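Below is one structure, written out as structure tokens; the observations come after it.
These figures come from a predicted structure and were not determined experimentally.
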Amino acid sequence: MCGIAGMVANSQVNQGLYDALTVLQHRGQDAAGIATCDQSKLYMRRANGLVRDVFRQQDMDRLQGNMGIGHVRYPTAGSCSSAESQPFYVNSPYGITLAHNGNLTNAAELTRELFESDLRHINTTSDSEVLLNVLAHELQELGKHAPGPGDIFNALTSVYQRVRGAYACVAMITGYGVLAFRDPHGIRPICFGQRRAGLYGTDYMIASESVALDTQGFDLIRDIQPGEAIFIDADGRLHTRQCVDPVEHTPCIFEFVYLARPDSIIDEISVYKSRLRMGEKLAEKILRVWPEHDIDVVVPIPDTSRTSALQLANRLGVKYREGYIKNRYIGRTFIMPGQDQRQASVRQKLNPIELEFKDKNVLLVDDSIVRGTTCHQIIQMARDAGARKVYFASAAPEVRRPNVYGIDMPAAVELIAHNRCADEIAELIGADRLIYQDLNDLIECAREGNPAIRRFDCSVFDGHYVTGDVDQAYLDRLYQTRNNATRTAKDQQIAASELIDVNSDM
């Protein structure tokens with residue numbers, strides 16, 4: 001899960017990209033980057049950290065030009081190296097920068113091809129660098145000194161033939177324009193919009209979520225379709241082409257459960273409305289399987305579950321209360337780079353209001369349960385605050401399988417629901433009762449917003465990987481790769497710590 005943005009405007013785009021990335025910060029807190037182009041000159045700044053920390057005034061002053069792309073990064077393979085912050089850059093041909101949200105399922109195969117056949121070297125473990133080099137190779141194969149939109153789309157058709165997995169991308173070809181494209185399944189979100197620039201013409205913006213457009217006065221045109229590309233040239237002209245036939249539009253359902261902001265529209269589906277329906281469906285299940293419930297109060301676990309929890313409480317006819325106060329200066333624990341950091345931050349992040357728990361039977365509502373470690377601590381907080389009983393409800397079904405399309409769920413053994421039933425999970429997290437959303441209900445909650453979408457990627461719930469190229473051997477390799485990366489990162493931390501100790505004695 002990352003956030004991407006692109007702009008071609010009639011004025012400087014540095015501030016617009018900065019503001020877009022700030023709005024998309026929830027999609028990645030590990031690193032941020034912006035690349036801009038002024039005539040044939042490229043400028044770039046990228047580093048680890050939040051958007052507000054990466055870009056200082058001197059950085060913004062240097063990011064000159066009327067077109068550019070940006071990225072906020074969330075690592076999916078155990079690495080937090082600043083070398084893997086995006087956009088990535090390759091100088092030949094033309095000078096191309098690329099930012100990517102998703103995950104390529106054949107990245108290892110492509111890396112070998114790039115080295116052996118295309119004579120290109122990959123310098124990091126990022127599949128985004130792989131994707132950039134595939135695009136660069138196919139553009140170079142055209143042999144064009146000055147590529148037009150048709151040439152770029154032709155090259156991209158060859159990219160589609162080679163690349164598998166989930167990808168929503170923005171790329172900038174220095175001096176020519178900004179390109180955006182989406183995988184044939186449309187797994188990860190990407191949309192574009194326009195804004196009138198007075199007498200000067202039209203500004204265009206591309207972003208992972210529509211909220212990045214809304215906040216800067218852009219009108220949403222539409223989502224980029226699966227297998228479609230758009231190219232906005234340096235003169236501000238918009239070109240579109242369906243570069244490959246879509247397989248079946250199967251957007252990631254976890255975007256609606258957790259990843260996206262509630263004020264976004266993804267594939268014509270209101271994230272907010274879908275979460276309201278999740279609360280409604282979950283309440284109906286409680287009334288069906290537990291009609292004699294003794295719930296006194298419904299308390300959301302902030303922030304993502306608020307919408308579902310409020311609707312659930314209304315449907316059950318019980319009180320809704322804000323029982324936990326969130327420290328907004330602590331990052332989202334799910335997207336922190338390490339499990340130790342996730343656990344340590346929970347107590348700093350949430351603080352219970354004792355009056356809302358004391359002597360009450362409390363139903364805590366969360367958007368989902370992934371590893372279960374934070375749930376256990378949050379439930380214990382409720383008990384420490386005086387709750388008689390603590391029940392737990394998840395607006396999503398059991399997360400049983402790893403995600404391979406860009407969310408940090410690569411190992412089934414890390415998931416608390418893997419090979420466990422609801423009663424066993426309830427015992428592990430310390431809940432008196434645990435209720436999960438049914439998968440069919442979750443799908444209906446999202447699909448009601450756009451009935452044209454018949455299926456979603458629900459692989460974390462049902463183990464069906466829509467790209468059709470993921471088997472157990474692939475998952476085993478992914479697990480091993482992640483373990484190796486984690487061990488390497490820990491070794492680096494230990495080495496750095498020892499170096500500090502040595503220096504302190506000198």
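- Inspection of the Y405 and T467 side chains reveals an N or O donor paired with an N or O acceptor under 3.5 Å.
- N154 places a side-chain N or O within 3.5 Å of a backbone atom of G150 that can act as its donor or acceptor partner.
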Derivation of the side-chain hydrogen bond (donor to acceptor under 3.5 Å, both in side chains) call for S128 and Q86: CA-CA 8 Å; S128 303; Q86 298 184 39; 2.9 Å; yes
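- Listed for the R400 side chain is a donor-acceptor partner under 3.5 Å among the backbone atoms of A417.
- When atom types are taken as modelled, the side chain of S459 and the backbone of Y465 share no donor-acceptor pair closer than 3.5 angstrom.
- Here the closest heavy-atom approach between residue A32 and residue V51 is recorded as CB-CG2, 4.0 Å.
- You'll find the side chain of T97 stays beyond 4.5 Å of the side chain of F88, heavy atoms only.
- Of the candidates I265, I266, D223, S210 forms a side chain to side chain contact (heavy atoms under 4.5 Å, CB included) with just one, namely I265.
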Working for side-chain contact (heavy atoms from CB on, under 4.5 Å), residues I4 and S208: CA-CA 5 Å; I4 59 175; S208 293; 3.3 Å; yes
Worked check of side-chain hydrogen bond (donor to acceptor under 3.5 Å, both in side chains) between H137 and E113: CA-CA 11 Å; H137 175 77; E113 283 182 14; over 6 Å; no
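- Side chain of Q242 to backbone of V244: a donor-acceptor contact under 3.5 angstrom is found.
- Looking at D367, its side chain never comes within 3.5 Å of a backbone N or O of T304 through a donor-acceptor pair.
- Note that CZ of R45 and CZ of R62 are 8.5 Å apart. Values are rounded to the nearest 0.5 Å.
- Taking 4.5 Å as the limit, every side-chain heavy atom of P246 sits out of range of all side-chain heavy atoms of P184.
- A salt bridge is absent between R120 and D118; no separation between the charged side-chain nitrogens and carboxylate oxygens falls under 4.0 Å.
- A salt bridge between R261 and E209 is absent, with no side-chain N of the basic residue lying under 4.0 Å from a carboxylate O of the acidic one.
- Cation-pi geometry between R241 and F231 is not met at under 6.0 angstrom from the ring centre and within 45 degrees of the axis.
- In this structure, Q194 contributes its side chain and T202 its backbone to no donor-acceptor pair below 3.5 Å.
- A donor-acceptor contact shorter than 3.5 Å is absent between the side chain of D183 and the backbone of R164.
- The closest donor-acceptor contact from the side chain of D438 to the backbone of D441 lies at 3.5 Å or more, if one exists at all.
- Side-chain N or O atoms of D233 include one that pairs as donor or acceptor with a backbone N or O of R237 at under 3.5 Å.
- The CZ atom of F254 lies 9.5 Å from the CG atom of L442; values are rounded to the nearest 0.5 Å.
- Between the D366 side chain and the S394 main chain, no donor and acceptor come within less than 3.5 Å of each other.
- E255 and R188 are joined by a salt bridge, as a carboxylate oxygen and a charged side-chain nitrogen come within less than 4.0 angstrom of each other.
- Salt-bridge annotation for E268 and R222: absent, with no side-chain N of the basic residue lying under 4.0 Å from a carboxylate O of the acidic one.
- For the atom pair T374 OG1 and K349 NZ, the distance stands at 7.5 Å (nearest 0.5 Å).
- Among H249, H185, H464, the one residue that satisfies the side-chain hydrogen bond (donor to acceptor under 3.5 Å, both in side chains) test with R455 is H464.
- Counting heavy atoms from C-beta on, the side chains of N66 and V8 never come closer than 4.5 Å.
- For F192 and Y204, the distance between ring centers is not under 6.0 angstrom.
- The side chain to side chain contact (heavy atoms under 4.5 Å, CB included) test with L17 is passed by exactly one of V13, N14, D19: V13.
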